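To start, the structure itself, in structure tokens.
For ligands, and for the atoms within them, numbers begin at 1 and follow the listed sequence. Nothing here was measured: the structure is a model prediction, and the numbers come from that model.
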Amino acid sequence: MDRIRIVGGQQLTGSIPISGAKNAALPLMIASLLTSDTVILENVPRLSDVRQLMRILGNHGVDASIDGKRVGQTETTGDTIRLNAASVVDTTAPYELVSRMRASFWVIAPLVARMGEARVSLPGGCAIGTRPVDLLLMALERLGAVIDIDGGYAVARAPGGLKGGEIVFPKVTVGGTHTALMAAVLARGTSVIENAAREPEVVDLADCLVKMGARISGAGTSRIVVEGVASLGGTRHRVLPDRIETGTYAMAVAMTGGDVHLEGTRPDLLQAALDVLVQTGAEISTTNDGIRVKRNGHGIDPVDITTEPFPGFPTDLQAQFMALMTKAKGTSRIRETIFENRFMHVQELARFGARIRLDGDLAVVEGVRTLKGAPVMATDLRASVSLVIAALAAEGESTIHRVYHLDRGFEALEKKLGACGAVVERISGER
Ligand code: EPZ
């Protein structure tokens, strides 16, 4: 298993190209199951989750290929991938594949909408909480699917096709909204999704579906209306920039100090997090092609946050923000309201000398003057990058083990940080 070695204490200075968003690319790839025509996705990040989803789609019969390199492309230019689901040969998504990546459960929606049946393994819990799929199944039922649970599989059937209906989510769910959208676009009649997730990745999926011929209004608000159509066609779509990667590097700069241009991203994708960073003392400005983050030597001011659905402070930046607060000039309170068990990074941050007390969904972080490098263990995707941020600001050397978590969601992390002056290297192999 690879590990990453970081020698902390360097300011970050330079430019970091922001990749396409993993959490947009995954549902967009799944949406290719809705049509027999080719869907071409540009700016797809090179990540292990994307490769895994290509295998899963391949199992259903989707012909997936990655375009070759073009002149001027660099290692961090995203891939262009072509997906063609002209013949869906299998409507079952087996446990071995779904259990490795929760988002793959979402294939249930396009499969039942287009093929009239789907058999998808229940994903089970994961490191950040129980993460049930009851609301996703409720949405499909509201559109006329009959759902059975059989041998650990969710079996959805709609032999005569889905019918438009009203879906009212009792809590905001990103996956539930993606699922409802992908099912409703091919349902007969009108569907209304109430309390829909407003995340930019939902808007990106809706934009792509509209290009494929879907009739959707209200994406980006909490009420989405879909007029079903008989079939969808192919399209070409560029994946939006990754707001979590953007916020992660912004926090790294806020932590180490320095001056970095985050290229190819947009502030409106993460305004709540940028506002919080400004309160901590970072200087943020918008450029023609991205965001510039600077911090001088005045120290980090403590700020309290609560994670919320978009447009609030994202849960996927909570761990990174906690890393930043470990060196604040005072005490901050971080409340996690989306997932019940998303504090595994606390114990690992403590290994750098951080002082954090947990009380249910609240973490109280007492800033310390210095962090000291340590060997630490990545536990999930966002937790692991919070350890990278702490290591960049810690005195001396740190080693982060189990970096396969990082490879699921951060493209070329060592290269991007190394180009800005960080001392960071990947060490391959056992230990
Ligand atoms: C998406 O997960 C993201 N994943 C997550 O990012 C992100 O943390 C999350 O949205 C919240 O923003 C992808 O986009 C691939 P939810 P998702 O359904 O859709 C509960 C990362 O690191 N719930 O919005 O699975 C659920 O347990 C990942 O990139 C139900 O109770 O999240 C949670 O408490 C981690 N029943 C809340 O809703 C359901 O049927 C929100 O979850 C579904 C969800």
Side-chain angles (χ1 to χ4, degrees), residues 19-31 45 47-50 52-53 56 98 100-109 120 122-142 147 149 154 167-182 193 195-205 222 239-240 242-248 269-270 272-273 306-320 336-342 344-345 361 378-386 405-411:
S19 298
K22 165 183 86 81
N23 288 350
L26 300 178
L28 288 165
M29 291 168 70
I30 290 173
L47 297 171
S48 60
D49 270 12
V50 168
Q52 173 68 4
L53 184 57
I56 291 167
V98 176
R100 292 212 215 142
M101 188 185 25
R102 285 186 55 84
S104 57
F105 185 79
W106 303 341
V107 298
I108 194 167
V120 180
L122 291 166
C126 74
I128 63 177
T130 51
R131 301 185 76 187
V133 289
D134 55 327
L135 301 176
L136 283 67
L137 298 178
M138 176 279 281
L140 296 177
E141 277 178 338
R142 298 293 303 157
I147 310 278
I149 304 298
I167 300 162
V168 183
F169 284 116
K171 67 156 89 162
V172 176
T173 154
V174 174
T177 307
H178 285 323
T179 307
L181 263 178
M182 287 192 272
I193 308 169
N195 199 23
R198 291 184 281 163
E199 269 65 5
E201 293 75 20
V202 169
V203 179
D204 208 34
L205 174 64
S222 46
V239 178
L240 93 170
D242 195 317
R243 63 193 166 101
I244 304 304
E245 190 194 28
T246 305
T248 299
L269 299 173
L270 71 161
T306 298
T307 61
E308 284 167 355
F310 191 85
F313 191 99
T315 174
D316 288 347
L317 285 175
Q318 179 257 108
Q320 299 88 316
E336 171 59 56
T337 69
I338 308 293
F339 292 109
E340 77 268 26
N341 186 27
R342 208 174 196 183
M344 283 90 55
H345 40 285
D361 65 357
T379 50
D380 78 83
L381 170 55
R382 311 303 175 185
S384 48
V385 85
S386 76
H405 289 292
L406 280 173
D407 296 335
R408 291 186 43 219
F410 289 93
E411 185 177 29

Under 4.0 Å from ligand 1, counting heavy atoms only, is it the side chain of His405, its backbone, both or neither? neither
Which part of Leu136 is near ligand 1, with near meaning a heavy atom under 4.0 Å away: side chain, backbone, both or neither?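 For Leu136, backbone and side-chain atoms both sit under 4.0 Å from ligand 1.
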Heavy atoms only: which of Asp49, Val172, Val174 lies closest to atom 1 (C) of ligand 1? Val174
Tell me which one of Gly176, Pro132, Ala21 gets a heavy atom nearest to atom 43 (C) of ligand 1.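 Checking each option, the heavy atom nearest atom 43 (C) of ligand 1 is found in Pro132.
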Heteroatom proximity flag, [X] to ligand 1, N/O under 3.5 Å:
X: Asp134; value: yes
X: Glu199; value: no
X: Arg382; value: yes
X: Leu135; value: yes
X: Ala103; value: no
X: Trp106; value: no

Any Leu47 side-chain heavy atom under 4.5 Å of Arg408 side chain: no
Side-chain touch Thr248/Leu317, heavy atoms, less than 4.5 angstrom: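 Result yes, sub-4.5 Å side-chain heavy-atom pair found.
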For the backbone of [Y] and the side chain of [X], can you confirm whether one donor and one acceptor N or O come within less than 3.5 Å of each other?
X: Gln320; Y: Asp316; result: yes
X: Glu245; Y: Phe410; result: no
X: Thr307; Y: Thr337; result: yes

Are the charged groups of Glu201 and Arg243 less than 4.0 angstrom apart, N to O? yes
Are any of the heavy atoms in Met101 under 4.0 Å away from ligand 1?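 Met101 does not count as a contact of ligand 1 under the 4.0 Å cut-off.
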Sequence neighbours left out, what passes side-chain hydrogen bond (donor to acceptor under 3.5 Å, both in side chains) with Thr315? Give chain and number order. Glu336, Arg342
Check side-chain contact (heavy atoms from CB on, under 4.5 Å) between Arg142 and all other residues, then give those that pass, not counting sequence neighbours.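 In terms of side-chain contact (heavy atoms from CB on, under 4.5 Å), with neighbours along the sequence ignored, Arg142 is linked to Met138, Glu166, Ile167.
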